[in-house]
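Values below: all heavy atoms of this structure, side chains included; hydrogens, waters and symmetry mates excluded. Chain letters run A, B, ... following the sequence lines, proteins first and then strands; every chain starts at 1.
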Number of protein chains: 2
Amino acid sequence: MKVTIKELANQLDLSIATISRALDGYPDISEKTRQRVLAAALHLGYTPDRAARQLRRRRTDTIGFILPAVAGKFPQPFFNELIAGLAAGASSRQYDLLISACADDEAAEMQLYQTWAQGHRVDGLVVIRTRVDDRRIAFLTAQEFPFVCLEPPANQPDVPGIHVDAHQALTSVVRHLARRGLNRQAFLGGPSELIIQQVRREAFRAALGAANLPIRSSWQMTSDMTSQGGYDAAHQLLTMKSAPNCLVCINDEVALGALHAASDLGIAVGKQLAVVAFDGSQTAVHATPPLTTIDQPVFALAYQLMEMLYRRLHGGIGLELQVTLQPVIHLRTSSGDTPQEIASPFVIAQDVEATIR
Amino acid sequence: MKVTIKELANQLDLSIATISRALDGYPDISEKTRQRVLAAALHLGYTPDRAARQLRRRRTDTIGFILPAVAGKFPQPFFNELIAGLAAGASSRQYDLLISACADDEAAEMQLYQTWAQGHRVDGLVVIRTRVDDRRIAFLTAQEFPFVCLEPPANQPDVPGIHVDAHQALTSVVRHLARRGLNRQAFLGGPSELIIQQVRREAFRAALGAANLPIRSSWQMTSDMTSQGGYDAAHQLLTMKSAPNCLVCINDEVALGALHAASDLGIAVGKQLAVVAFDGSQTAVHATPPLTTIDQPVFALAYQLMEMLYRRLHGGIGLELQVTLQPVIHLRTSSGDTPQEIASPFVIAQDVEATIR
DNA sequence: GCAATTCCCTAAAACGTTTAAGCCAATCAT
DNA sequence: ATGATTGGCTTAAACGTTTTAGGGAATTGC
């Protein structure tokens with residue numbers, strides 16, 4: 001049934017070592033023999049057994065990714081692009097991507113990380129949704145197991161990963177909106193243990209300060225980062241006695257929920273209320289109204305994360321530890337803007353005027 | 001560095017065979033010894049090497065899933081839930097999920113399937129986005145390699161998989177809308193080589209016939225199943241001299257694009273135009289307006305697909321080949337309905353009246 | 001008291017590769 | 001003609017498990 005290297009060797013009357021080396025392109029096999037081997041391999045449909053190869057080579061050519069926490073509670077567009085990017089990045093390097101889900105239970109999660117790291121199941125890991133005092137990072141660091149993070153903790157410069165610079169982008173957007181009279185800006189965040197929540201919330205508050213806007217703690221909400229969570233939080237904010245007139249959301253899902261809440265309350269988004277999202281994928285473009293977003297290129301980011309991990313695994317030069325990416329700002333109707341794309345240095349034309357009261 | 005079974009054996013002064021059997025819970029190891037082994041394993045942090053185990057056991061405990069075609073062109077909510085469901089289903093059975101992406105190139109795709117199947121990389125495969133005359137199915141069948149499909153081809157009853165019954169649901173929905181005077185119904189589909197496109201389009205046309213509505217081929221559009229594709233197709237339809245007043249979409253993404261197009265054209269969805277989507281996840285709930293959907297529970301479906309594959313791999317009783325699931329209909333504002341959920345037999349109350357002209 | 005049985009453990013083979021070491025014949029340098 | 005080099009292959013060990021077959025001591029049956 002299964003065709004092994006041994007059969008190939010028998011058929012061709014060569015040793016298995018020759019077959020192996022011929023297929024791997026070693027120079028000490030004559031061209032003639034190699035061609036014979038190649039032809040026979042193709043003909044018999046021979047593919048090296050992965051387990052045997054892994055065992056012998058002491059590596060798996062596989063990168064692991066463990067879906068954090070509760071199934072079905074992923075912010076969808078984000079995870080989707082992330083996985084696509086990871087898979088594409090991995091397969092471009094001839095790596096596979098091994099994925100597992102785990103329950104929303106820290107013990108189970110750590111168990112999984114341990115099994116994978118210590119059982120040689122993968123060569124490296126990608127960690128996302130990093131948390132404050134993240135046990136996963138502590139464990140992997142202690143084990144000296146190769147990994148990269150999306151959004152490594154700010155106070156740990158030795159943890160390899162990629163940041164998206166929320167600070168600059170938020171400063172520009174908040175200032176831009178403030179100039180247009182949107183002086184009551186609220187933040188719809190995520191779970192407070194997430195690094196991105198910390199980072200983006202702080203960046204937002206700093207931006208408010210820089211724009212001389214009031215910082216009200218009651219306008220800084222948390223959520224589970226789903227659209228339902230966004231709906232609930234926005235509904236609450238918008239029915240306050242003193243409601244904000246601008247909602248900056250931690251991701252697209254939350255922003256969609258906010259749009260829905262506004263619509264239910266009869267509030268015209270883009271006129272009476274500005275909504276700004278983070279992440280920014282196709283979803284945002286086709287929302288009603290189209291969402292203004294701070295756009296991190298998730299697919300490319302995941303792809304780059306893979307490359308980074310690859311370089312860590314293969315030594316090589318240029319081992320940057322942490323990289324910071326600048327997102328792109330997309331102004332759209334949800335903030336009352338004329339659609340417009342703004343790249344990295346974030347110079348938003350001051351004469352952009354719009355119709356928000 | 002890496003702790004193997006051998007070290008454990010040395011430490012405890014036992015043979016490696018004993019260790020292995022103790023950890024696997026064989027009854028011919030004394031309870032006392034087993035406890036010693038367990039304790040030592042925990043203490044040293046021993047985890048069996050996966051490659052070695054795979055090689056010896058001749059199985060991988062891994063299920064494969066190959067992302068079809070172009071990166072970034074996945075319908076997002078669908079794939080997201082699918083992967084979450086697959087991962088959850090796999091890990092509930094102690095399986096891992098191996099994922100790879102491949103370029104939009106049939107040859108590369110087949111190469112990948114071959115490597116995985118013949119290289120013993122996975123024990124089974126999940127195939128989605130099945131196509132008419134699908135080479136993947138032909139190959140796997142010929143190889144007698146275990147797999148399951150989402151939407152197996154209708155004319156191949158021997159291919160294991162899960163169907164979602166579009167026929168009944170579409171009949172109900174089309175009739176329901178027809179009763180309300182929506183007599184100009186169009187279909188926004190996907191790429192014509194996909195089985196779901198064939199199935200849903202045919203079901204839609206049959207439903208039109210059953211409801212005595214006109215079947216116009218110019219109202220049957222194809223798309224790439226992205227929201228952009230939906231936008232383009234809807235825009236085209238809605239600017240026809242004789243435009244439809246109801247758009248039935250093959251998935252949520254396309255429907256979102258359609259909503260956007262309608263909004264751009266100043267058409268009030270739920271009043272002048274009904275939009276119906278397929279797939280139905282959170283996305284649809286928080287669209288503006290909320291989308292009426294024919295709701296296939298993608299997460300559960302993926303989970304069940306995994307269970308099916310598991311049963312195929314482990315023999316066992318009840319080896320159903322094909323299963324048909326009944327979707328649930330969610331009436332929401334995008335079709336001018338009062339929000340309402342309708343389960344399987346699809347009896348839509350006839351007195352539901354709404355505001356579409 | 002002896003054979004049979006049970007209990008707990010071990011030795012060794014096997015899984016399918018890769019790779020280090022080495023061998024033989026042919027070619028080359030002198 | 002001889003020793004050194006090279007090209008092209010093979011032998012055998014190793015990777016870390018699981019499993020088959022069996023072995024020795026203790027217990028049991030009579």
Decide whether A/Q11 and A/E7 meet the rule of one side-chain donor and one side-chain acceptor closer than 3.5 Å. no
On DNA chain C, compare the nucleotides closest to B/R57 and B/T33; which residue's is nearer the 5' end? B/T33
How would you give the extent of chain A contacts on DNA chain C, as first and last nucleotide 5' to 3' within a 4.0 Å heavy-atom cut-off? C/dG16 to C/dT19
Side-chain-base donor-acceptor pair under 3.5 Å for B/R56 and D/dT17: no
Salt bridge check: are B/D96 and A/R121 linked by an N-O gap of less than 4.0 Å? yes
Side chain to side chain contact (heavy atoms under 4.5 Å, CB included) with A/L305: of A/V127, A/V323, A/L150, only one passes, and it is A/L150
May I ask you to say whether B/R93 pairs ionically with B/D123, meaning some side-chain N is under 4.0 Å from a carboxylate O? no
Mind checking what makes side-chain contact (heavy atoms from CB on, under 4.5 Å) contact with A/Q111, not counting sequence neighbours? A/T115
Numerically ordered, the residues 34-55 of chain B set in heavy-atom contact under 4.0 Å with DNA chain C is B/L55
Value in whole Å for how far the P atom of D/dT10 lies from NZ of A/K6: 15 Å
Please work out if A/L14 contacts a base, only the sugar-phosphate, or nothing of the nucleic acid, heavy-atom cut-off 4.0 Å. sugar-phosphate
Please check if the side chain of B/R50 supplies one atom and the backbone of A/H120 the other of a donor-acceptor pair under 3.5 Å. no
Measure CZ/B/R59 against C1'/D/dT18 and give the value in whole Å, please. 11 Å
Any side-chain heavy-atom pair of B/T62 and B/V122 under 4.5 Å: yes
With sequence neighbours left out, which residue pairs that include part of residues 152-161 of chain B fulfil the salt bridge (charged side-chain N to carboxylate O under 4.0 Å, His left out) condition? none
Taking only Lys NZ, Arg NE, NH1 and NH2, and the carboxylate oxygens of Asp or Glu, determine whether A/E109 and A/R135 approach each other closer than 4.0 Å. no
Which of residues 18-31 of chain A sit near DNA chain C, with a heavy atom under 4.0 Å from it? A/S20, A/R21, A/Y26
Closer than 4.0 angstrom, basic N to acidic O: yes or no for B/D49 and A/R58? yes
Please check: side-chain N/O of A/D134 versus main-chain N/O of A/R136, any donor-acceptor pairing under 3.5 Å? yes
Taking the inter-plane angle between the rings of A/Y310 and A/Y95 on a 0 to 90° scale, is it parallel (under 30°), tilted (30 to 60°) or perpendicular (over 60°)? perpendicular
Terminal axis angle for the helix from C/dG1-D/dC30 to C/dT30-D/dA1, five pairs an end, nearest 10 degrees: 40°
Are B/D133 and B/R131 ion-paired here, with the side-chain N under 4.0 Å from a carboxylate O? no
